[in-house]
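First the structure, which I've put down as structure tokens, then a few questions once you've had a look.
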Amino acid sequence: MARAFTPKVLTANALLEGDVVYLDAQGHWTRDHLKATLIEDEATADIRLLEAQAQGHEIVGAYLADAKAGPDGPEPIHFREAFRTRGPSNYAHGKQAAGPDEELQL
Amino acid sequence: MYAYSDFDRDFLAERNAQFRAQVERRIDGSLTEDEFKPLRLMNGLYLQLHAYMLRVAIPYGTLNAGQMRQLAMIADRWDKGYGHFTTRQNIQYNWPELRDVPDMLDALGEVGMHAIQTSGNTIRNVTADHFAGAAAEEVADPRPIAELIRQWSTDHPEFQFLGRKFKIAVTGSDQDRAVTAAHDIGLRLVERDGQLGATVLVGGGLGRTPMIGKTLNEFVGLDDLFPYLEAIVAVYNLLGRRDNKYKARIKITVHENGIEEIRRRVDAEFPARKAAFNGADMALLEEIEADFAAPAFEEGQGAFPTHYQHDPVFRSFVDTNTSAHRHPDYAILTVSTKAHGATPGDATSDQMRVLADIAAQYAHDELRISHEQNVILPHLPKRHLPAVHAALAEAGLATANVGLISDIIACPGMDYCALATARSIPVAQEIAQRFEALKLEHEVGPLKIKISGCINACGHHHVGHIGILGLDRAGVENYQITLGGDGGPDAVIGERAGPGLAYDEVTDAIERLVRAYLDIRQDASETFLETYRRLGSAPFKAALYPEEKANAA
């Protein structure tokens with residue numbers, strides 16, 4: 001039996017600002033991980049990644065990151081991805097400065 | 001200080017114009033990221049975890065006030081009002097936007113600075129002793145040689161596609177504050193029969209395979225030094241492995257081929273290189289040396305002795321943060337960027353301007369950045385120390401902790417770095433705050449803690465008296481402790497103490513280690529490292545892992 005697929009979000013950095021972005025259900029890039037689309041099957045994930053790799057005019061370094069469904073939208077699993085939703089821990093810079101996801105704790 | 005010639009200025013202007021066009025072509029879609037990435041890396045531009053990062057070289061750590069003010073201006077105009085001084089005498093801006101980077105590079109060019117070869121598989125920014133030209137015990141100022149290395153290596157056509165990055169450090173002192181033994185090439189200036197030359201170390205490096213550099217040549221005279229350097233890099237360029245990134249550094253080339261074989265090949269390569277240089281390097285060096293002439297030192301100590309005698313806070317600051325200068329009426333002042341709880345190496349634009357003003361007003365217009373992420377006033381007349389101390393205190397820069405437990409080296413770690421496997425900065429912050437709360441660090445004395453957030457070891461954890469390495473163990477941050485490392489002239493790689501610790505266990509573990517040291521040291525004059533060398537790792541491991549000791553009992 002095939003191994004169970006861990007759901008994913010598709011993430012990258014924005015070309016101009018470098019900010020972390022996620023693919024949403026409409027196929028646009030959002031800066032808010034809660035608005036990302038949670039991809040539940042491997043075939044879709046592979047296709048979305050290929051599509052993203054053709055969007056180098058908007059984003060850089062697209063990859064699939066493990067995620068899980070949360071009450072408000074997809075949430076990261078690995079701590080690195082959790083940091084990417086927030087920003088650094090030494091200053092309130094990055095996404096946490098704008099602050100839609102301050103409730104997210106490690 | 002070296003002042004840019006017309007050649008330097010023209011070269012930089014052309015290079016920056018090229019990069020501006022490359023950025024435009026990336027944004028308009030003419031260049032893919034695969035095409036653009038090597039171009040941006042050659043100009044110091046990384047893409048990190050949350051944003052781009054621009055790494056700017058501060059060659060051999062030397063700055064003047066005008067350059068420091070420009071770094072502050074860049075931080076305000078194109079970043080978030082601060083910069084991060086790194087362990088390789090660079091400054092990093094953590095939040096630039098791609099469109100702004102060409103303007104930032106032009107602004108750097110205005111003050112004779114650049115970001116060239118701060119990344120990529122090239123000869124990187126050359127580093128040197130941060131007390132160069134000022135230290136009492138120095139044989140010679142290493143900076144003229146370092147500047148000539150910068151000129152020789154910048155855009156060197158043969159060395160733009162090395163197998164891997166290549167780092168050179170130079171010291172003119174037997175104290176070796178430049179960690180030369182942990183560099184691809186380390187140069188230690190020495191005198192023999194009245195002639196200046198260098199002991200050449202090769203194949204040192206930290207990272208996943210830490211190695212102490214081996215002596216390739218006990219003495220290379222100055223006349224031969226540049227062709228000799230070029231011969232080494234040329235041998236490495238052809239002999240070094242390109243099949244495996246992790247085996248591509250020269251330390252592996254030396255390890256696999258043996259130092260004798262490297263020496264044989266370098267000696268074989270040398271004559272042709274020497275002939276090609278034809279003495280041009282020495283003519284250039286002579287010009288450069290004039291730029292690094294010592295300032296005209298002023299006699300007298302003014303009210304310094306009185307202040308020193310009557311103000312205990314000032315006395316502690318002077319005792320902890322100054323070092324012996326070659327002139328008896330001067331001090332070398334290290335300004336700590338590590339106020340307890342601050343991010344090691346970070347300075348706000350306001351702090352940069354305060355440092356620039358002090359350098360201009362009191363200290364012969366010179367500043368240095370150390371690999372330990374502090375800022376140095378290398379030529380400070382003692383009579384100005386009270387005024388400088390007051391100005392620094394007002395700017396939050398008068399922390400008297402240089403060389404103590406809270407003077408921690410920490411890489412940016414997973415708060416910024418795309419390569420990191422765990423955070424470094426908050427670990428450093430918490431340790432510093434703990435020992436400040438305990439009011440223990442002056443009693444503990446000299447102790448170097450160095451923290452890296454991944455195996456690449458930018459935080460030099462292998463040569464920390466206590467090293468901390470942050471790893472990802474099954475999706476959780478985990479920290480390995482190493483003990484007994486030393487980055488000095490007789491460099492030693494620290495020994496791994498045992499199993500890793502959880503993020504929230506690190507500070508308690510460090511406190512246990514330090515309390516164990518206080519219990520077992522012979523007296524207050526025996527440092528942590530000396531106690532470790534006398535007694536070995538056993539008592540320290542027992543303090544780190546008390547439950548194992550309990551289980552064994």
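Here is how names work: the chains are called A, B, and so on, in the same order as the sequence lines, proteins then strands, and each is numbered from 1.
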Where does B:Phe36 contact chain A at under 4.5 Å (heavy atoms): side chain, backbone, both or neither?
neither
If only atom types and distance count, is the side chain of A:Arg80 paired as donor or acceptor with the main-chain N or O of B:Ala418 below 3.5 Å?
yes
Based on non-hydrogen pairs under 4.5 Å, which of B:Lys80, B:Gln48, B:Arg99 is most in contact with chain A?
B:Lys80
Contact list for residues 54-69 of chain A, test salt bridge (Lys or Arg N to Asp or Glu O under 4.0 Å), sequence neighbours left out
A:Lys8-A:Asp66
Checking B:Leu47 against chain A: side chain, backbone, both or neither under 4.5 Å from a heavy atom?
side chain
Determine which pairs satisfy salt bridge (Lys or Arg N to Asp or Glu O under 4.0 Å) with at least one residue from residues 30-54 of chain B, sequence neighbours left out, and list them in order.
B:Arg26-B:Glu33, B:Glu33-B:Arg40
What part of B:Pro96 is in contact with chain A, defined as an atom under 4.5 angstrom from a non-hydrogen atom: side chain, backbone, both or neither?
backbone
I want to check something: taking the side chain as every heavy atom from C-beta on, are B:Tyr416 and A:Asn90 in contact at a cut-off of under 4.5 Å?
yes
Could you check if a side-chain atom of B:Asn94 sits within less than 4.5 angstrom of a side-chain atom of A:His93, using non-hydrogen atoms only?
no
Testing the basics here: between B:Tyr52 and A:Leu15, what is the closest heavy-atom pair and its distance to 0.1 Å?
OH-O, 2.5 Å
Give the interface residues of residues 18-27 of chain A toward chain B, defined by a heavy-atom separation under 4.5 Å.
A:Gly18, A:Asp19, A:Val20
If I take atom CG from residue B:Leu31 and atom NE2 from residue A:His57, how far apart are they, to the nearest 0.5 angstrom?
15.0 Å
In terms of heavy-atom contacts, B:His50 and A:Pro88 come closest through NE2-N, 3.6 Å
If the condition is salt bridge (Lys or Arg N to Asp or Glu O under 4.0 Å), which residues does B:Arg353 pass it with, not counting sequence neighbours?
B:Asp76, B:Asp350
Answer with side chain, backbone, both or neither: which region of B:Val476 has an atom nearer than 4.5 Å to a non-hydrogen atom of chain A?
backbone
Under a 4.5 Å cut-off applied to non-hydrogen side-chain atoms, are A:Leu16 and B:Glu97 in contact?
no
